[in-house]
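Counting convention: from 1, in listed order, for ligands and their atoms alike. Hydrogens, waters and symmetry mates play no part in the numbers below; they use all other heavy atoms, side chains included.
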Amino acid sequence: MKSIYLALGSEIDPEKYLICKFYFESQLSDEEAAESIAAESSIGTWTDVQTMKEEIKNRLAAKVFKLEKNIMHIAYPLEMFEISVPQLLADIAGNIFGIKFVDNLRLLEVKFPSKYIKSFKGPRFGIEGVRKLLKIKERPLVGTIIKPKIGLSADEHARVAYEAWVGGCDFVKDDENLTNQGFNPFKERVEKTLKSLDKAETKTGEKKNYAPNISAPYSEMIERAQFVKDNGGKCIMIDILTCGFSALQSIGEENFGMVIHGHRTMHGAITRNEKHGIHMNVLAQLSRFCGIDQLHIGTIVGKMSGDKEEVLKNVEACIYKCGLKSAFPVCSGGLYAGHIPPLMEILGKNIIIQAGGGVHGHTKGTSAGATSMRQAVDAVMDGIPIEEFIKTHEELRLALKKWKR
Ligand code: CAP
Ligand code: MG
């Protein structure tokens with residue numbers, strides 16, 4: 001009997017179907033594997049059921065419309081989806097990763113109907129809004145992560161942040177595992193660091209931003225976001241995957257009027273395996289739909305995995321025209337000033353470049369580390385080779401002296 005899930009060669013209307021591209025490896029034949037994936041991710045299960053109706057099959061069955069070597073393309077009727085990322089993922093990224101006879105499965109790409117995308121609010125600030133807030137027209141933004149990741153007191157945190165801002169950082173964030181521990185209580189840290197921010201803006205004449213990490217059980221996240229706002233904060237940070245898309249979508253809908261910085265810690269458990277899991281560009285699109293203004297997308301040249309092709313796909317997910325504002329791609333992880341020229345060569349100027357160790361590990365300290373980052377950006381923006389620039393910029397010279405390999 002012809003399978004309701006196999007529609008090879010069919011023309012698919014991209015406005016009526018959500019289209020997924022999967023990599024797969026299976027002990028089954030390609031058709032059998034495709035059929036089991038399409039069934040389990042839409043209306044089916046391992047066997048036929050007496051309760052099935054023709055009308056359901058016609059309306060809601062996913063359709064495999066293209067099969068190549070280890071690649072299947074599946075069209076999902078838009079009607080299957082509510083405007084809810086948790087529900088979407090339960091469809092196209094749920095049980096199917098655990099089907100016994102499918103040895104590997106990776107969700108490579110998702111093309112969303114514009115009607116689905118436009119049901120989301122998306123970034124409230126986006127790249128343009130963040131640039132306007134910080135009065136930085138063209139160059140990349142320079143940020144740091146306070147290090148050590150955890151352990152400093154709120155006073156020490158605020159002091160290190162001040163040194164980073166005065167040295168030249170536009171943006172300071174908490175690390176992904178710093179939230180509300182006894183040694184650095186959230187409210188005390190926010191109050192003191194925002195006071196430091198005000199002092200740094202006065203000292204430098206530049207606009208600055210700080211992203212306190214509000215990641216926590218949801219009701220606590222709301223309280224912490226409100227606390228940041230009540231204290232004059234302009235930004236919050238969320239660990240998007242450990243908090244989950246329910247929290248992310250809800251925080252976006254709350255619309256606190258602050259920039260939302262999305263950290264993707266734990267993504268490696270899902271995105272890194274080239275044969276199994278979900279490509280980061282899919283998570284990046286969903287984060288943008290939910291309202292993330294700034295999103296970590298990899299560095300190509302730094303300490304974390306993610307080659308050029310992958311990172312470029314993640315950047316595209318943040319900025320492609322889809323009726324929503326673009327999310328600011330954030331490069332962070334194992335970076336120091338010496339990485340900035342090759343990074344800007346590949347990714348251009350519309351990025352946020354962050355360094356934790358690459359700022360606080362500078363031989364002359366945090367402020368000099370921040371200055372070295374800004375000097376490297378200046379060198380690239382002025383078209384001056386870094387070897388030339390270090391002759392007159394000591395902080396940058398010392399950064400290269402310590403870390404250049
Ligand atoms: C960077 C960082 C970032 C990761 C995030 C860290 O510190 O603070 O969380 O790089 O990775 O904790 O490692 P360093 P990604 O600058 O000292 O490496 O952006 O790939 O999600
Ligand atoms: Mg970190």
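- When all heavy atoms of Val190 and Pro212 are compared, the pair lying nearest together is CG2-CB, 3.8 Å.
- Judged by a 6.0 Å distance limit and a 45° cone about the ring axis, Arg224 is positioned over the six-membered ring of Phe186.
- Annotation: cation-pi geometry satisfied between Arg288 and Tyr320 (NZ/CZ under 6.0 angstrom from ring centroid, within 45° of ring axis).
- Centroid-to-centroid, the aromatic rings of His296 and His267 stay 6.0 Å apart or farther.
- Seen from the ring of Tyr162, Lys199 counts as a face-on cation partner, given the 6.0 Å and 45° thresholds.
- In this structure, a donor-acceptor pair under 3.5 Å is present between the side chains of Tyr23 and Glu25.
- Using a 4.0 Å cut-off between charged nitrogen and carboxylate oxygen, Arg59 and Glu79 count as a salt-bridge pair.
- At a cut-off of 2.8 Å, measuring from the Mg ion (ligand 2), the protein N, O or S atoms that fall short of it are Asp175 OD1, Glu176 OE1, waters left aside.
- Closer than 4.0 angstrom to ligand 1 sit non-hydrogen atoms from Ile145, Lys147, Lys149, Asp175, Glu176, His263, Arg264, His296, Lys303, Met304, Ser332, Gly333, Gly334, Ala355, Gly356, Gly357.
- Shortest non-hydrogen contact noted between Met266 and Leu241 is CE-O, 3.6 Å.
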Set out, in order, the CA-CA distance, both residues' side-chain angles and the distance that settles salt bridge (charged side-chain N to carboxylate O under 4.0 Å, His left out) for Glu109 and Lys111, then state yes or no. CA-CA 7 Å; Glu109 286 172 23; Lys111 286 191 173 57; 3.4 Å; yes
